[in-house]
Amino acid sequence: MLTKVIAQTNVDHVEKWFERAEKIVIVSHVSPDGDAIGSSLGLYHFLNTQEKNVNVIVPNHFPDFLKWMPGAKEIIIYDRYKEFADRLLMEADVICCLDFNVLSRIDTMEETVANSPARKMMVDHHLYPGDFCGITISHPEISSTSELVFRLICRLGNFNDITREGAECIYTGMMTDTGGFTYNSNNKEIYYIISELLSKGIDKDEIYRNVFNTHTEGRLRMMGFVLYNKMEVFRNFNAALIWLTKFEQRKFHYRKGDTEGFVNIPLTMEGIRFSCFLREDTEKNMIKVSLRSTGSFPCNQVAAEFFNGGGHLNASGGEYYGTMDEAIELFKRALVKFEDQLLAKK
Ligand code: 5GP
Ligand code: MN
């Protein structure tokens, strides 16, 4: 049995909204990751069994290693089909906002979602949920939005309506947001949920291979390059930095998603508890900042104070508008500012 994480009033509310709704649109954040796509498609497959007219819209494209997911081909990419997507959003009865906490995280879709007369509900696990939804299901203590979607469907009394396809999507989101159950994954109920998903016939080993073992040759070579040439270790701060320019990414035939997970690698070094990856974006004129930490070091505070960003305690990010040298200098200043916490025991 699962603990009742989601408040009963929220469950009752969702039940009523879903019952009355004909057209439901699911939206998730810019540069969607495994949990964004997994939670969206998990809910999508469930709502399809309820005979709803349901669409998933995300702001921009998502990485190739998620394209095998059942339903991925039906996802509408907003920046390619803006007019069509705007119409769906304006005509929706309910908009489900998954895996993000504030409207700015949906980028160019923000305005239409804000202006749509649809009822809006949030299912999310980021800190500090904004106040833009009639129902806010926000649980930062839960490691993935996909897990919350599973919990919500069960609480609605619809476990039996989770199909194998839906279970595959939910599992993918749970797996990717915990790095294959290697962090944020000590809650024993996660494993109860996995066993329930296995009962739907998912092949978890195949899902792992589909997501983690289908990289391009360019990615692997770029990984070697970045670790050998572009990593600076700050032993005195228990921290490490890696960085990549546009030029370097082009040299390795960079494709979206190729650098996914790079930021985690320095944390596999003994004694390193804070890692930063700075990547010049190949499309927008900015530097994408990814931060990871272990234990109690709050990398979301670094993201917020130095890089216009935010996120979770151990995984956060932001954006920097300026040169790579400036971004590196800023990171070094962050290390000095957070020195005490970086050197703290746990
Ligand atoms: P990643 O490093 O994988 O891009 O992002 C990790 C986490 O950091 C995301 O799940 C999200 O919570 C947060 N994050 C990443 N980029 C941004 C950003 O630009 N702004 C904010 N507020 N959060 C971000
Ligand atoms: Mn997530």
Side-chain angles (χ1 to χ4, degrees), residues 28-41 58-73 75 77 99 143-144 146 165 168-185 194 202-232 240-269 272 275-284 287-292 294 311 314-317:
S28 195
H29 61 78
V30 67
S31 299
D33 58 7
D35 190 33
I37 301 295
S39 57
S40 297
L41 289 176
V58 294
N60 60 350
H61 52 210
F62 52 93
D64 285 349
F65 63 80
L66 299 174
K67 301 237 160 104
W68 62 272
M69 291 171 72
K73 286 190 185 65
I75 295 177
I77 309 292
D99 202 37
S143 56
S144 64
S146 298
E165 288 79 10
E168 285 173 346
C169 299
I170 290 168
Y171 182 81
T172 303
M174 291 175 64
M175 181 186 79
T176 52
D177 255 22
T178 56
F181 307 103
T182 63
Y183 50 81
N184 289 339
S185 54
I194 294 174
I202 69 166
D203 181 340
K204 66 183 263 309
D205 303 344
E206 187 182 9
I207 292 175
Y208 185 95
R209 284 193 301 275
N210 284 345
V211 172
F212 291 123
N213 295 351
T214 52
H215 297 306
T216 60
E217 180 181 337
R219 171 189 153 93
L220 226 60
R221 293 194 187 280
M222 186 158 51
M223 191 188 278
F225 169 77
V226 79
L227 295 179
Y228 191 66
N229 292 305
K230 305 297 299 286
M231 180 171 75
E232 188 166 347
L241 167 71
I242 55 180
W243 72 98
L244 271 176
T245 63
K246 267 189 225 179
F247 173 75
E248 289 158 347
Q249 292 167 69
R250 278 196 208 108
K251 198 166 120 189
F252 290 98
H253 312 290
Y254 174 84
R255 294 217 325 246
K256 185 102 186 149
D258 271 355
T259 53
E260 187 86 23
F262 279 18
V263 62
N264 294 304
I265 306 175
L267 291 180
T268 62
M269 247 183 305
I272 300 300
S275 166
C276 174
F277 177 34
L278 301 171
R279 187 180 63 80
E280 272 180 7
D281 198 89
T282 46
E283 288 159 16
K284 283 189 250 165
I287 293 173
K288 184 68 210 168
V289 183
S290 281
L291 301 170
R292 296 292 185 274
T294 58
N314 295 130
S316 59

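Both backbone and side-chain heavy atoms feed into the values below; hydrogens, waters and symmetry mates do not.
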**Study point:** Pairing residues for Tyr183 by the ring pair (Phe, Tyr, Trp, His ring centres under 6.0 Å) criterion, not counting sequence neighbours
**Key:** none
Point to revise | Check against side-chain contact (heavy atoms from CB on, under 4.5 Å), Phe262 and Leu227 | key: CA-CA 9 Å; Phe262 279 18; Leu227 295 179; over 6 Å; no
When rounded to the nearest 0.5 angstrom, what is the spacing between [atom1] in [X] and [atom2] in [Y]?
X	Y	atom1	atom2	answer
Asn264	Thr294	CG	OG1	11.0 Å
Ile37	His29	CD1	NE2	8.0 Å
Lys230	Met222	NZ	CE	11.0 Å
Ile75	His61	CD1	NE2	13.5 Å
Glu283	Asn60	CD	CG	7.5 Å

Practice item. Tell me whether the guanidinium CZ or amine NZ of Lys251 lies under 6.0 angstrom from the six-membered ring centre of Phe225 and within 45° of its axis. Key: yes
Practice item. Using the side-chain contact (heavy atoms from CB on, under 4.5 Å) rule, take Val58 and Ile77 through it: C-alpha gap first, then chi angles, then the decisive distance, then the call. Key: CA-CA 5 Å; Val58 294; Ile77 309 292; 3.9 Å; yes
Review point. Between Ala72 and Lys67, which heavy-atom pair has the shortest distance, and what is it?
Key: CB-O, 3.6 Å
Review point. If we ignore angles and hydrogens, is there a donor and acceptor under 3.5 Å between the side chains of Asp258 and Thr216?
Key: yes
Would you say the side-chain atoms of [X] pair up with the backbone N or O of [Y], donor to acceptor, closer than 3.5 Å?
X	Y	answer
Ser39	Ser146	no
Ser275	Val263	yes
Asn184	Thr178	no
Arg219	Glu260	yes
Thr268	Ile265	yes

4.5 Å side-chain heavy-atom contact, [X] and [Y]:
X	Y	result
Thr172	Val211	yes
Asp177	Asp33	yes
Trp243	Glu280	no

**Study point:** Ring geometry between Phe65 and His215 (parallel below 30°, tilted from 30 to 60°, perpendicular above 60°)
**Key:** perpendicular
Study note, to complete from the structure: Tested for ring pair (Phe, Tyr, Trp, His ring centres under 6.0 Å) against Phe181, the lone hit among Tyr171, Phe212, Tyr208 is Tyr171
Check your understanding: Among Leu41, Asp203, Ile207, whose side-chain contact (heavy atoms from CB on, under 4.5 Å) with Glu168 holds?
Key -> Ile207
